[in-house]
Amino acid sequence: MTEMSKIVRTITSITFPFAMIYGLYVIAHGHLTPGGGFQGGAVVASACAMILVAFGSKWTIDKIKEKKLSAFESLGAIGFIALALLGLVFGVAFFNNFLTGSNFLFGNIPPTGSVFADINTGGVLPLMNFAVGLKVIAGLFVIVLVMAYATTSFKGVKK
Amino acid sequence: MNMPDYTIPLVVAIPLLGAFLTPLVSRINDKLRNVFVIIVLALNALLVFLLASDILTTGIKTYVFGAKDLTYPIVRILFEVDAMSIFMAIISSILVLAAVTYSWAFMKENTGLDKYYTLILLLTAGMLGMVFTGDMFNFFVFLEITSIASCALIAFWTDVGESVEAGFKYIVISATGALFVLFAVALLYGQYNALNIAQLSSVIQYTFLDKIALVLLIVALAMKAGIVPMHMWLPDSYGSAPSTISIVLVSATLASLYGVLRVVFTLYGNALSTIANFDISVNVFIGWFIVALAVISIIVGVTMALIQSDFKRLIAYGAVAEIGYMFLGIGAGLTALGTAYGRTALNGGIFHIMNDALDVGLLFLVAGAIYYATRERSLDRLGGLARNMKYTTAFFIIGLLAVAGMPPLNGFASKILIYESTFQLNPILAIVAILCSILLLAVFVKVFHSAFMGPQLPKYKDVKEVPRSMLFVMGVIACIIVFIGLFPEFVINNVVEPAANALVGYSEYVSQVVAGGI
């Protein structure tokens with residue numbers, strides 16, 4: 001994939017932070033609002049794909065290597081399973097939500113009724129959302145990146 | 001030995017964690033990664049064996065995810081492990097451990113091995129999850145994990161067009177099958193508002209919609225198990241994947257077979273009549289349907305194996321016939337549920353699951369060894385290998401005699417149970433089964449002759465025996481085959497009989513979860 005015109009690149013540079021922040025918001029508020037790790041991760045990954053389309057695959061792969069992205073993907077998955085296992089260590093069962101009700105991170109129990117949402121709730125759920133988000137961002141982006149890069153290198157072979 | 005309850009989720013969690021640690025370990029060192037994967041799977045196999053000894057003495061174990069106890073109505077993920085589940089888990093863990101140990105030398109020259117090992121571990125987690133889960137939707141999730149990981153592994157040799165084609169065929173077939181399963185689960189959920197197998201089983205009414213769900217489940221899972229009208233993906237996949245993957249795939253198809261058993265005997269256990277009753281009842285209807293599919297599988301598998309010239313494709317058709325034998329035993333057991341010979345047939349069918357996995361696995365490993373030594377898969381161009389590869393030859397003889405059901409080996413022990421019980425159901429079934437078994441022997445003797453016998457071919461003069469690690473794996477599997485062949489009673493009494501009991505006594509499975517709660 002070659003890079004596009006200057007207009008496209010400029011507009012992409014302006015909109016990229018907004019798309020990114022929106023995606024991260026969806027991940028961070030996964031336990032309060034619709035969406036979650038997967039959906040927010042897909043938004044962030046599509047923002048990255050936008051960069052890829054505008055600036056070309058050669059430029060992008062110079063900035064970030066696919067090996068690094070694969071490592072991040074593994075880290076996301078490991079984080080998820082490790083949280084589940086921590087439920088066994090600190091709580092009563094595998095996948096047990098051991099943080100809820102504690103005074104630690106995300107430990108509040110939300111009041112019932114029509115109140116403003118408290119982000120400091122949910123126990124391990126937000127953490128699991130972060131792990132899934134990391135995995136989806138890295139996973140989706142590495143797929144798009146490798147496929148885009150492969151098309152350019154095949155074109156080079158044909159010439 | 002008394003194992004703590006959390007061993008059950010650990011058996012699935014350890015391969016899953018290992019799968020995602022593998023790419024990271026692989027960045028340090030390749031050898032370290034191989035050791036790491038073998039240790040992870042060996043540890044897992046050890047846990048499965050300890051769990052097995054516990055479950056076979058104390059009975060069914062359940063594990064609730066995320067909470068201490070089950071609350072009603074059931075919304076939690078539940079693992080329920082009985083003797084049948086643990087029987088399948090033992091088979092899977094033995095085969096996967098063998099495949100990974102064998103891979104060390106066999107896959108040495110390939111690149112992308114971190115992905116290979118990651119996918120094998122994911123596949124293991126999927127298979128063990130399928131056999132452990134007590135929840136229909138969860139079953140579907142693990143089925144999908146298994147299919148996607150298998151698809152990528154089948155197409156692992158991407159430079160060969162056939163592998164990619166086989167992988168594509170597999171993903172199309174398994175995606176269709178998985179959607180059938182999902183649709184059936186939705187039908188059940190829509191009617192009974194439950195996904196838990198035990199809970200569904202306690203309330204199932206066998207309405208028209210349930211019949212549709214049953215048909216969809218049996219068809220989809222039999223398709224993934226490779227029963228004949230839906231077997232077209234199996235020879236391609238087994239034939240063009242690396243040998244190590246072929247044997248992992250064998251255990252993945254057996255996990256689908258377990259799905260059929262669980263659905264028919266447990267989920268619809270309520271609708272089955274436990275008194276021998278040969279009017280048109282559910283048992284007879286489904287039983288004869290399965291028997292018919294099984295007989296067709298046996299005949300088609302063996303006759304198609306006759307005309308193959310590719311070593312691994314031939315074994316794959318042999319495997320189709322072997323799956324036919326299992327279904328024959330199980331179908332006959334279902335038709336005559338409640339009679340003594342029906343029970344023998346069920347025992348034979350379940351026992352044959354284990355024997356087939358070991359026999360076909362050994363044959364695939366021998367085919368892999370020959371490919372490793374000669375880089376040749378076509379039987380037309382092989383010959384005289386017995387002179388240079390004497391251990392491999394010996395293992396092949398054991399494998400061929402076992403798969404053809406010759407007396408001192410394990411294949412005979414289970415096939416004789418199937419023959420004698422199906423003879424009482426209908427003599428023609430037993431006759432077809434015996435004839436096809438003889439034909440299978442003829443097929444493999446032909447293979448033996450064309451690959452190992454005859455004069456030494458000039459191009460294979462310098463062929464060497466395969467590395468010790470590969471011989472060791474084949475040797476261990478051959479020893480297990482001989483052991484089961486010599487002491488079939490030991491295995492039947494300790495493992496097979498409890499598994500058959502667990503299938504027939506579905507009410508015990510149900511009462512573990514539903515007991516007075518609803």
Side-chain angles (χ1 to χ4, degrees), chain A residues 31 37-38 65-102 106 109 122-140 142-143 146-147 150 153-154 157, chain B residues 4-28 33 36 40 47 61-71 75-79 81 111-119 121-122 125 128-129 132-133 135 138 141 145 148-149 152 158:
Chain A
H31 56 299
F38 184 85
K65 291 275 170 295
E66 79 273 13
K67 276 207 164 163
K68 224 168 245 174
L69 284 175
S70 306
F72 273 118
E73 196 196 343
S74 300
L75 277 180
I78 292 168
F80 188 83
I81 305 163
L83 281 170
L85 283 171
L86 285 180
L88 190 59
V89 178
F90 294 113
V92 287
F94 193 60
F95 270 110
N96 183 236
N97 194 341
F98 61 96
L99 281 178
T100 191
S102 70
F106 297 116
I109 293 174
V124 293
L125 288 184
L127 297 175
M128 283 184 166
N129 267 332
F130 297 159
V132 171
L134 183 64
K135 181 169 169 58
V136 172
I137 295 169
L140 279 183
V142 79
I143 291 170
V146 167
M147 280 162 77
S153 56
F154 275 124
V157 170
Chain B
D5 275 349
Y6 57 75
T7 327
I8 296 170
L10 279 186
V11 166
V12 179
I14 288 175
L16 208 56
L17 187 63
F20 294 109
L21 280 173
T22 308
L24 299 181
V25 176
S26 167
R27 293 174 80 123
I28 304 170
R33 173 200 59 209
F36 172 75
V40 166
L47 281 183
K61 259 184 182 309
T62 56
Y63 189 84
V64 186
F65 278 60
K68 201 161 178 55
D69 294 306
L70 206 55
T71 44
V75 284
R76 295 222 175 259
I77 297 173
L78 186 85
F79 271 15
V81 187
T111 53
L113 282 182
D114 50 340
K115 295 175 186 72
Y116 170 87
Y117 284 115
T118 303
L119 287 167
L121 285 165
L122 270 182
L128 292 172
F132 276 7
T133 186
D135 184 287
N138 233 345
V141 171
I145 293 177
I148 291 168
T158 41

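Order of the sequence lines fixes the chain letters, A, B, ..., with proteins taken first and strands second; residue numbering starts at 1 for each chain. As the structure is a computational prediction, the values presented were derived from the model and not from experiment.
Using cut-offs of 30° and 60° on the angle between ring planes, the pair A:Phe98 and A:Phe90 is tilted.
Within residues 79-89 of chain A, the residues that have a heavy atom under 4.5 Å from a heavy atom of chain B are A:Ile81, A:Leu85, A:Leu88, listed by number.
Looking at B:Leu16, the atoms closer than 4.5 Å to chain A (heavy atoms on both sides) sit in the backbone and in the side chain alike. Only the side chain of B:Leu10 has a heavy atom closer than 4.5 Å to any heavy atom of chain A.
The CG atom of B:Leu21 sits 11.5 Å away from atom CD1 of B:Ile14, with the distance rounded to the nearest 0.5 Å. In this structure, the separation between CD1 on B:Ile77 and CZ on A:Phe95 is 6.5 Å, given to the nearest 0.5 Å. B:Ile8 contributes atom CD1, which lies 12.5 Å from atom CZ of A:Phe94 (distance to the nearest 0.5 angstrom). Taking CG from B:Leu122 and CD1 from B:Ile148, the interatomic distance works out to 10.0 Å, rounded to the nearest 0.5 Å.
Crowding of B:Phe65 atom CZ: a count of heavy atoms from other residues, nucleotides or ligands under 6.0 Å exceeding 12.
Taking each heavy atom of B:Ala149 and B:Leu119 in turn, the nearest pair found is CB-O, 3.9 Å.
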Residue pair B:Val40, B:Leu17: steps toward the side chain to side chain contact (heavy atoms under 4.5 Å, CB included) verdict: CA-CA 9 Å; B:Val40 166; B:Leu17 187 63; over 6 Å; no

Test log, rule side chain to side chain contact (heavy atoms under 4.5 Å, CB included), inputs B:Phe79 and B:Val12: CA-CA 10 Å; B:Phe79 271 15; B:Val12 179; 3.6 Å; yes

Enumerate the inter-chain donor-acceptor pairs under 3.5 Å for chain A and chain B, one line per pair.
residue, atom, partner, partner atom, Å
A:Lys67, O, B:Arg27, NH1, 3.3
A:Phe94, N, B:Tyr63, OH, 2.7
A:Phe94, O, B:Gly66, N, 2.7
A:Asn96, ND2, B:Gly66, O, 2.7

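Between chain A and the residues B:Gly66, B:Ala19, B:Ala67, the largest count of heavy-atom pairs under 4.5 Å involves B:Gly66.
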